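To start, the structure under review is shown below, and the notes come after it.
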Amino acid sequence: MFSDVSAQKNGPSLLCSPASEEQGPTFERISLPYELYSDRYRVGQRSFSRQYAHIYAARLMQMRPLLAERAQQKWGSNVLIKKLCDLEPGEQCCIVGTLFKRMELQPSILKEISEEHNLLPQPARAKYISEADELILEDELQRIKLEGKFDKDKCVTGSVVAIYGAEKNDGKFTVEDFCMADLPLQTPRPALSSDRFVLLASGLGLGGHNADSMLGLQLLVDMVTGQLGDTGEQSGAAAISRVLLAGNLLSQNTQDKDASTKAKYLTKKTQAGSVEAIRVLDELLLQLVASVPVDVMPGQYDPTNYTLPQQPLHPCMFPLSSAYNTLQLVSNPFEASIDGVRFLGTSGQNVCDIQRYSSMDSHLEILEETLQLRHLAPTAPDTLGCYPFYQKDPFILEECPHVYFSGNAPTFESKLIKGPDGQEVLLVTIPEFSSTQTACLVNLRTLQCEPICFTAFSADKDEENEMNISH
Amino acid sequence: MDELYLDNIDEFVNDHNKIVTYKSLSLTLGVHVNTAKQMLYHYLEHKRKESSPQLHATYLVTGKFVDNGQTCHRVSIVREDQLEDFKSKMSLIVSVHVYSVQKALLKDSGPLYSVDYDAVKDHLQNCSKYSAIQCPGAVPVSSLERQQALNAPNPPQSEPGNSGTNRETNTTSKAHPRPQKGIMGMFSKKSAVKSQNTSEEVKPEQKDEPAVVDSAKNKPAAKANPMMNFFGSQTAKKSVKAVKEEADQTSERKSPQPCEKSDGAAVQHQKDPRSKTKRAEDEDSEEDKMDKKKRRRIKKPEPDSSDEEVVPDSPPPQEALTRERSPKKETETVQPSNSHSGVKVRKRRRVLKSRTYLDADGCMVTEKGFESESYSESEEDFRAPKAAQREPFKAKANPGSKEDDKKSQKKAPASSNKGGKQASIMGFFQKK
């Protein structure tokens, strides 16, 4: 734990008069080998004139052999794996395909603008699932309705699964069992000798109306740059090799929609909210990059493209901090290897989307589910904006990460899971800093994650005690 | 150690009534942060012994905190009166030190943030100088180095349409031979986006000389980008917007500063279109139509990209378009007559004429031969039938007149077809 590490290295207390002329001790920031693997998430020339169906085709094509293998492992090597067009009624077999969940409450633009329905636009709901949802399995040529004993509320559209059962006479497929692609293979991580940390934070929410989080943010920066705390704390902070900001650096308030709805003469002189917020972010990043390498991922409210994969923020927005080569502007999703430990994660849009269209509520549970499905964002492109890929689906996990995270969660949660082939993955849901004042520290040696929370006092004495949010 | 710092802190706290945090003290006095914390503690003790007017302090406590089974590392700012209470709640205390000293009792920790913010803002470039951790890898890359790194692998590509713009950029950047390489680097498609980044770096660091380079570079970048889209690259689309914003910023910053002569004209150009937005927009739309026409001819499969490109264009690339006009007009004159009608230009052409001269013996000799003569379109009609029968004469090979021949031959069949064309009224005024 970070606290233990820092306590061990503690020097003399600072509650004393300054000793002679000596300057305080300086520690050197630990520098670890770093490699970025996010090339597959970079979209070069973009053309949106393609249909989205190609992603599904590519996805199925890529996942079919993996699922066939898993099916044979689970139900015996002589299990029949058939295509939907070859199905015969009454025959026990296994089919592989993409799930589609037909939800009545799913917002459909066609229904909204259709005059015969005469519907008013639906208000945004927290969840779009209902009792009457139907699950359908699609493969390259056909689709078939599914029924049977499975929790349809947990499934989401776009997941590729293998289903074992039989087709009934009425044309529906009865499900007896199903399996997912499960975790891919993992290269074992190297054994490290000393404690090294990576700080994960997200949801800084700059430009928002909540000014309380700014002091917390300043404390975070001070701690990481080694200005806060005793010598023990500072030497512990020197072991923080990297800072990763996982999205939503700007608050939702900066997304000013007035410009499109208000008259031009009213909005001509007003500056967008994000301009000032980016300036504040630049100054904050300058303080950080002068001392530690930083990876900045864009999020839902950041000035970059909306569809996944989000491209890195442009360095022209950060004139002060982009002068330093420790600033790395990376894409969302993000994949890199820090000292041999593989990190993979997103800013949380994929998890939030699954949360809306399934019964799962815990971000950690959803994270585990995506890992089991071997796909970062199964709901893309159905309900989550996505670029129309056609040759391959870059969201399919090819190598199992050691640390798998998602940003902007309501609370901090972490879990270490084991895979069928001996994989070990640390799942982390990074809490939103603007509301929880909490960031996470991942220890690369032990693969453990610890939250750090920053508190201050305010007029209400009681608030202090309730600051720390636990699950 | 001198006790001067005690007086300094005293001055801040009592006379100016300010809040002194360890960070602002360290930045102001130029000492290590830990020393600053100790100084604050010393000052506090000192003043308390003297029993002078009441001082308040806030402390920073960090340590392990267990909350409902979840352990976390907690970093908190607490008031002095809450300190002991807080320390007892923590399961392991890692550090405690003085965070700030002030005269008034703080109810809210908000002001602490603003003090730190101001202190950091004043010392933005060396905010980590006095911290306890130094990172050897965090070195600001100088803007010139970046530029060199980018321009070296990308040789400039020459594009035919850029000849006009090249002339302009060369004149403005004559005084700066080095950055001219940077400008030429602009014209290569790949480095366009990156070089705008470099010009961004240049901006905040030095203000006068590189700023001139900056504006000179920005303008060719602004011009180059519509030209590049003209010739087919779509990736420069985003960079146009970035350049536009950047160019806006540079022009704003330029206005209060004194500009050099070579730059003055450039700045003026940038400011003028911005002030005359209406006219600029009209011109813009006219240019856009011309652009669209041009683009459709040269590259058909990208009509939608050129549309998008044309709409967000605003004052800075406006200049590019006005400059584009000149090369376009040149090309227009060279084109055959199916371009815009009514453009009357005096041309040269060969005419059968008789020359009389005195030869060596003193005799007068009269010879018939072809000579160049300038004429205009209206007269051309009368000569049309004769022009069709004329052969090209080799004697005085004038490239202009050769073209005229081709033109006149082309025009001849065209005009001879319209046999019954009415003589234009200008014929009265031209024949002398």
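These numbers come from the heavy atoms of this one structure, side chains and all, not from hydrogens, waters or symmetry mates. Letters A, B, ... mirror the listed sequences (proteins, then strands); counts begin at 1. If you're wondering where the values come from, they're calculated on a predicted model, not measured in any experiment.
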Between Ser321(A), Ser31(A), Gly229(A), the one whose heavy-atom pairs under 4.5 Å with chain B are most numerous: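 Looking at each of Ser321(A), Ser31(A), Gly229(A) in turn, Gly229(A) comes out on top.
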Output the option from Asp222(A), Leu217(A), Thr326(A), Leu220(A) having the highest count of non-hydrogen pairs under 4.5 Å with chain B.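 It is Asp222(A).
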Side chain, backbone, both or neither: which part of [X] has an atom under 4.5 Å from a heavy atom of chain B?
X: Leu215(A); answer: both
X: Gln218(A); answer: side chain
X: Ile30(A); answer: neither
X: Met223(A); answer: side chain
X: Gln287(A); answer: both

Output all residues satisfying side-chain contact (heavy atoms from CB on, under 4.5 Å) with His42(B), sequence neighbours left out; order by chain, then residue number.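 For His42(B), the residues satisfying side-chain contact (heavy atoms from CB on, under 4.5 Å) (neighbours in sequence not counted) are Ser17(A), Pro18(A), Glu3(B), Tyr5(B), Leu6(B).
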Under 4.5 Å from any heavy atom of chain A, what part of Tyr43(B) do you find: side chain, backbone, both or neither?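 The answer is neither part of Tyr43(B).
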So which part of Lys23(B) gets closer than 4.5 Å to some heavy atom of chain A, the side chain, the backbone, both or neither?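 Contact with chain A: side chain only.
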Taking Arg279(A) first and then Glu283(A), would you say they form a salt bridge - that is, a charged N and a carboxylate O separated by under 4.0 Å?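 Salt bridge between Arg279(A) and Glu283(A), a charged N being under 4.0 Å from a carboxylate O: yes.
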Parallel, tilted or perpendicular, as decided by the 30° and 60° cut-offs, for the rings of Phe433(A) and Phe454(A):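 The rings of Phe454(A) and Phe433(A) sit tilted, inter-plane angle from 30° to 60°.
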